[in-house]
Amino acid sequence: MAREWKRVRFDIPAERVGRITLTRPESANAQDYQMLSDLNQAFDCAAQDEQVRVIVLAAEGRHFSSGHDLGALNPDMDAFRTVGTQCHFDAPGAEGYMAREAEMYVGLCWRWRNIPKPTIAQVQGKVIAGGLMLVWPMDLVVCSEDASFSDPVVAFGVNGHEYFVHPYEAGARLAKEMLFTGRAIGAEEAYLRGMVNKVVPRDELESATLEMAAHIAKRPMFGLSLAKQSVNNSLDAQGMYTSIQSAFGLHHVAHSHNMQVHGTLIDPAGLQVVRDEA
Ligand code: ZN
């Protein structure tokens with residue numbers, strides 16, 4: 001059944017396929033807490049729908065997602081239904097902000113990563129920093145030829161975005177290059193590096209993604225769930241969750257450092273560094 005939230009839409013575009021679409025193209029689908037909260041409700045909706053076996057995450061407009069909406073980092077948490085066990089969101093110092101990011105970023109990404117149904121990201125245009133936090137929790141990635149993937153936040157004095165799975169997604173060598181240089185990885189390179197499953201022309205992106213989703217959806221739900229869980233378990237056995245939590249701790253050392261030195265969560269000089277290279 002189709003549903004709509006403020007920043008996200010859910011529909012059933014093919015038999016047994018549920019599709020969640022980001023609907024904030026005027027801001028290149030920048031993520032504020034409203035979008036993440038809407039997205040979480042849409043994932044719950046798709047996960048609980050007995051008719052849905054495969055979930056597609058798509059985005060309206062030229063770009064999949066430009067990352068976190070830096071103009072809306074500290075909204076009133078009472079406006080959102082939290083689903084984790086974090087609290088004290090308004091506490092001073094590192095405590096409150098760490099709880100916010102644990103709930104809204106790492107917590108939600110990990111929740112979506114573990115939905116017991118196959119998920120496919122349908123990606124066009126730019127995916128920047130926090131944008132990767134919507135792509136990387138998905139099981140498969142289909143992208144158009146104009147897609148690119150980057151995490152330039154080292155320029156802002158932090159280690160990377162909060163859902164730190166870069167070494168798992170790009171491999172250690174490329175992960176370091178992405179982080180050190182801020183370079184965007186284009187679709188073709190992403191394919192060669194195993195970061196995406198399929199690259200198609202922009203006008204075939206939707207049909208190619210739905211074709212893959214419909215193909216997968218012919219298989220039994222339980223078999224798909226067990227296959228997904230088995231692969232995820234092998235990543236967990238390699239320490240994926242512990243790696244994320246370890247990097248998240250360092251990420252908050254960076255936020256605290258920047259707050260002490262610059263009075264802001266990120267080094268404001270980063271903006272000029274990134275602009276000079278654009
Ligand atoms: Zn952060």
### Query
Under the side-chain contact (heavy atoms from CB on, under 4.5 Å) test, which residues partner Q238, sequence neighbours left out?
Y168, L235

Donor-acceptor contacts, no H, no angles, side chain residues 90-100, under 3.5 Å, sequence neighbours left out:
unit_1 : atom_1 : unit_2 : atom_2 : d
D90    : OD1    : R100   : NH2    : 2.7
Y97    : OH     : E101   : OE2    : 3.0
R100   : NE     : F89    : O      : 3.0
R100   : NH1    : P75    : O      : 2.7
R100   : NH2    : P75    : O      : 3.2

Show me the side-chain donor-acceptor pairs of residues 171-178 shorter than 3.5 Å, one per line, residues at least two apart or across chains.
unit_1 : atom_1 : unit_2 : atom_2 : d
E177   : OE2    : R183   : NE     : 2.8
E177   : OE2    : R183   : NH2    : 3.0

### Message
Between D146 and K126, does any side-chain N to carboxylate O distance fall below 4.0 Å?
### Response
no

### Task
Ignoring hydrogens and angles, tell me if any N or O in the side chain of D267 forms a donor-acceptor pair with the backbone of F156 under 3.5 Å.
no

### Query
Apart from L226 itself, which Ile, Leu, Val, Met, Phe, Trp or Tyr residues share its cluster (side-chain heavy atoms under 4.5 Å, direct or through members)?
F222

### Task
Determine whether the aromatic ring centres of W136 and Y163 lie less than 6.0 Å apart.
no

### Query
If you look only at pairs with a residue in residues 25-38, which of them pass as a side chain to side chain donor-acceptor pair (under 3.5 Å), with sequence neighbours excluded?
R7-D32, Q31-S65, Q34-D38

### Message
Check this for me, if you would: do R19 and E206 make a salt bridge, where the nitrogen-to-carboxylate-oxygen distance has to be below 4.0 angstrom?
### Response
yes

### Task
Determine, using ring centers only, whether H68 and Y105 are less than 6.0 Å apart.
yes

### Task
Walk me through it: do D49 and R3 pass the test salt bridge (charged side-chain N to carboxylate O under 4.0 Å, His left out)?
CA-CA 12 Å; D49 189 330; R3 285 189 64 183; over 6 Å; no

### Query
Are H166 and F164 close enough that their ring centres sit under 6.0 Å apart?
yes

### Summary
CG of D11 to OG1 of T21, rounded to nearest 0.5 Å, is 5.5 Å

### Message
The criterion is side-chain hydrogen bond (donor to acceptor under 3.5 Å, both in side chains); which residues satisfy it with N40, sequence neighbours excluded?
### Response
R111, W112

### Query
Counting distance only, does the side-chain N/O of Q124 pair as donor-acceptor with the main-chain N or O of A59 below 3.5 Å?
yes

